[in-house]
Structures are given as C-alpha cells and as structure tokens.
Amino acid sequence: MLVAVFGAGFAFEVGFNNGINKWWDNHNRGRQWKDIRSKYVEGGGDEDEE
C-alpha cells in the first residue's frame with residue numbers, strides 16, 4: 001500500500017509538473033529567453049561553443 005501511494009504521488013508530481021511547464025511555455029511564448037535568444041546572441045549557437 002505504501003509503495004502504491006508513493007508511486008501514485010510520484011507519477012502525479014511528474015505529470016503535474018510537465019503539464020504546468022507546457023502551459024507556462026505556451027502562455028509566455030515569445031517572451032522567454034529560449035524564444036528571443038537568437039535576436040541577442042550573435043551566431044545563434046550555444047554559449048559553451050568557442
């Protein structure tokens with residue numbers, strides 16, 4: 001029973017977090033760094049590249 005409760009709690013947490021993240025990204029489309037980065041970073045590559 002305890003394993004089932006923990007498993008269900010974990011599954012709910014993962015599903016809830018993914019759902020909220022998708023909603024947040026959709027609601028804030030065009031205003032996040034990942035969406036506007038190409039306007040401000042020359043080359044459009046990753047920061048780690050030299």
Side-chain angles (χ1 to χ4, degrees):
M1 178 71 170
L2 183 63
V3 173
V5 170
F6 282 136
F10 179 76
F12 175 78
E13 179 183 4
V14 169
F16 184 78
N17 284 338
N18 286 339
I20 292 298
N21 285 337
K22 286 180 182 182
W23 172 82
W24 183 263
D25 289 340
N26 188 29
H27 182 71
N28 292 300
R29 184 177 295 139
R31 292 182 268 178
Q32 296 179 2
W33 178 245
K34 64 183 178 181
D35 298 330
I36 64 171
R37 180 177 184 191
S38 61
K39 294 180 183 178
Y40 299 102
V41 176
E42 293 182 19
D46 291 342
E47 294 174 352
D48 296 338
E49 294 178 3
E50 295 182 30

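Because the structure is predicted, anything quoted here is derived from the model rather than measured.
- At a threshold of 4.5 Å between non-hydrogen side-chain atoms, the residues Asn26 and Arg29 count as touching.
- Of all heavy-atom pairs spanning Asn28 and Asp35, the tightest one is O-OD2, 4.0 Å.
- Cluster annotation: Phe12 and Val3 are assigned to distinct hydrophobic clusters (Ile/Leu/Val/Met/Phe/Trp/Tyr, side-chain heavy-atom contacts under 4.5 Å, transitive).
- Between His27 and Trp23, the ring planes lie parallel to each other; the angle is under 30°, not in the 30° to 60° tilted range.
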